[in-house]
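Beneath this line is the structure, given in C-alpha cells, with notes to follow.
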Amino acid sequence: VGGGYISFDDTAIGNDKFWEAVAQFNSRLPSISNHGGVTVAYSLTNHAFAIYNLFADGQGADAVRDILNPYLSDLDQLGVTYNISTHDSPSFLEQLRLDYGPFPDGPFSTTAILGGRLIPRGVVLDTKSNTALTEVLRDITRSSEYAMLMQSIDVRSNSSSLLMGPVASNAVLPAWRSTIIQAIFAAPWDWSVPRSVMEKREKYVSEYVTPALQAIMPASGSYMNEGNFRQHDWQKQFFGINYDRLLDIKQKYDPEFLFYAPQGVGSEFWEEDRAGRLCKINRYMENVTMSLASSNWMSLVNSIRSSQED
C-alpha cells in the first residue's frame, strides 16, 4: 500500500495564494482517485494544508509520487514551498497504523462539534463552483476554533475503486455515488470554557456553516455518522429518496416506534421536553401508522405538532 504526505502554509505566499493552491488541489482529486481508487485525507485551517493519510492500494512510494506530480507542478507554478514524502507499507493495517495510530485510541478527539457535507465531483471540476466552495471553506476556517477534515472518496457504481457494482437495492444515500470529497468541519470541545460558549460555537455550525455548504451543492447530502445533530431537513440530507421506504419498513417491524435514536428513522415522532425526557406523540399514532407510506410524511409530522400546540 502506497502512502504519502504533503504540507504547506501561507507564511511565505500570503493567504490568497494559499487558497488558490487549496482550490487547485480539490480540482485534482478526481484525477488522483482515478489511479486505482486512491484516497486522500487532509486537514485544512485558514493558514495550513496537510495530507495526513493517502491510500494507494497495490502501489508503492514511486507510484504515489508520480500520481502527485501534476499537483506538485501546480504548487511550483504558484511559488508555494511545500514538504512532501512518500512511502509504502506491507499491508492496509500497517498503513492505517502509521497514519491513524497509535491504536486503539487514534489521533482524533471523540468530544467535538461536528458537521459535514458530501461534495460532488462536478463541484470541484467546475471552475465557478470550485471557486464558490473555496470561498466558503476560507470563510468557515477564519475562526481558529474550526478546522476542516477533507476525505476524498470514489464510490460511483462504475468506479475503478469498486470491485463489483451494486447487487441489490439498499439504503445508501444516493449522494455518495457522485461524491469526491466528504467534508467534515470540526471544533474540539473546550472543557475549560463555559458551556454557553460551546453552544454558541455549535449554533454557528448548524446555522451558518451547514447552510453555506448546502447552498453550493443543494442536491447533495451529508454522511449522518459525521453530520451535525441539529441538521435541518435531516430526513432528506441523511437519507435522500430512501427515507419514505425506510419509514415504511420501520412501521412494519417496529409499529410502536420503540427503538429510538436522534435523527434515526421515525425519530420525528418523538420530542424531548424541557427536562430532556422523550415524549411520544401518542394521541396521533393511529393516524400516523396509517399514513407512514405516504410521500407526505413531513407535512403529516408538522400537522401533528401544530395540533399539539393548539
Side-chain angles (χ1 to χ4, degrees), residues 1-11 13 18-19 21-33 35-57 59-72 74-75 80-119 124 133-134 137-138 140-141 144-155 161 179-189 223 225-226:
V1 179
Y5 312 112
I6 297 176
S7 62
F8 57 87
D9 59 35
D10 68 351
T11 302
I13 57 174
F18 169 81
W19 282 101
V22 171
Q24 188 63 31
F25 182 75
N26 287 337
S27 71
R28 290 281 187 187
L29 280 173
S31 61
I32 290 174
S33 72
H35 291 272
V38 171
T39 63
V40 180
Y42 70 91
S43 61
L44 181 65
T45 69
N46 200 257
H47 306 282
F49 170 103
I51 293 176
Y52 59 86
N53 168 257
L54 186 152
F55 278 112
D57 187 35
Q59 305 182 67
D62 291 341
V64 171
R65 182 71 183 230
D66 290 340
I67 292 168
L68 295 175
N69 270 337
Y71 181 60
L72 299 181
D74 296 336
L75 293 179
V80 176
T81 300
Y82 55 87
N83 298 309
I84 179 171
S85 64
T86 60
H87 57 269
D88 46 62
S89 300
S91 68
F92 178 87
L93 177 60
E94 291 306 312
Q95 179 79 342
L96 197 69
R97 194 188 308 276
L98 181 65
D99 292 348
Y100 289 102
F103 293 155
D105 296 329
F108 299 115
S109 170
T110 57
T111 54
I113 297 168
L114 291 177
R117 193 68 178 166
L118 301 179
I119 302 175
V124 300
L133 171 64
T134 304
L137 295 176
R138 185 176 186 175
I140 291 171
T141 57
S144 60
E145 285 91 9
Y146 303 92
M148 302 296 302
L149 301 177
M150 311 285 277
Q151 172 71 61
S152 74
I153 190 167
D154 181 6
V155 289
S161 66
T179 293
I180 188 60
I181 304 172
Q182 182 204 355
I184 307 168
F185 30 93
W189 192 274
Y223 177 40
N225 283 0
E226 290 168 336

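Basis for what follows: all heavy atoms, side chains included, without hydrogens, waters or symmetry-related copies. Note that the structure is a prediction, hence the values are computed from the model and not measured.
Scanning all heavy atoms of the two residues, the minimum distance from D154 to S33 falls at OD2-OG, 4.0 Å. Between T141 and R138, the closest heavy-atom pair is OG1-O, 3.3 Å. Smallest separation of non-hydrogen atoms from I51 and G4: CG2-O, 3.6 Å. Taking each heavy atom of D10 and N46 in turn, the nearest pair found is OD2-O, 4.2 Å. Pairing each heavy atom of G116 with each of F185, the nearest pair is N-CZ, 3.3 Å. What you find for L114 and E226 is that their closest heavy atoms are CB-O, 4.4 Å.
Contacts of T111 classified as side-chain contact (heavy atoms from CB on, under 4.5 Å), with partners at least two apart in sequence or in another chain: S109, W189, W191. Q95 pairs by the side chain to side chain donor-acceptor pair (under 3.5 Å) definition with H87, S89, not counting sequence neighbours. Taking the ring pair (Phe, Tyr, Trp, His ring centres under 6.0 Å) definition, one finds that H47 meets it with nothing, sequence neighbours left out. In this structure, F103 has no ring pair (Phe, Tyr, Trp, His ring centres under 6.0 Å) partners at least two apart in sequence or on a different chain. Legend: residues meeting ring pair (Phe, Tyr, Trp, His ring centres under 6.0 Å) with Y146, ordered by chain and number and at least two apart, are Y204. Residues passing the ring pair (Phe, Tyr, Trp, His ring centres under 6.0 Å) test with F18 are F8, sequence neighbours excluded. F92 pairs by the side-chain contact (heavy atoms from CB on, under 4.5 Å) definition with F55, L96, not counting sequence neighbours. Residues forming a side-chain contact (heavy atoms from CB on, under 4.5 Å) with S7 (at least two apart in sequence, or on another chain): A50, N83. Listed by chain and number, the residues in a side-chain contact (heavy atoms from CB on, under 4.5 Å) with V124 are N26, P30, I119, N130, L133, I180, I181 (sequence neighbours excluded).
With rounding to the nearest 0.5 Å, the separation of CG in L118 from OG1 in T179 is 4.0 Å. Rounding to the nearest 0.5 angstrom, the gap separating the CG atom in L54 from the CD1 atom in I6 is 8.0 Å. A distance of 15.0 Å separates NE2 in H35 from CG in D57, rounded to the nearest 0.5 Å. To the nearest 0.5 Å, the span separating OG1 on T134 from CD on Q24 amounts to 10.0 Å.
The salt bridge (Lys or Arg N to Asp or Glu O under 4.0 Å) analysis of residues 38-49, with sequence neighbours excluded, yields no pairs. Applying the salt bridge (Lys or Arg N to Asp or Glu O under 4.0 Å) rule to pairs touching residues 97-109 yields E94-R97, sequence neighbours excluded.
A donor-acceptor pair under 3.5 Å is formed between the side chain of S152 and the backbone N or O of V40. Looking only at distances, no side-chain donor or acceptor of E145 sits under 3.5 Å from a matching main-chain atom of P188.
Between L137 and M150 the shortest side-chain heavy-atom distance falls below 4.5 Å. Between I140 and M148 the shortest side-chain heavy-atom distance falls below 4.5 Å. Between V155 and I153, some side-chain heavy-atom pair lies under the 4.5 Å cut-off. Side-chain contact between D9 and F49 is absent, with no heavy atoms from C-beta onward closer than 4.5 Å.
Tested against F25, the residues W19, Y42, Y82 include a single ring pair (Phe, Tyr, Trp, His ring centres under 6.0 Å) partner, Y42.
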Are D88 and V1 close enough, and set up right, to give a side chain to side chain contact (heavy atoms under 4.5 Å, CB included), and what steps lead you there? CA-CA 5 Å; D88 46 62; V1 179; over 6 Å; no
Side-chain atoms of residues 62-71: list all donor-acceptor pairs with protein atoms under 3.5 Å, sequence neighbours left out, distances to 0.1 Å.
residue : atom : partner : partner atom : Å
N69     : ND2  : R65     : O            : 3.4
Y71     : OH   : A21     : O            : 2.8

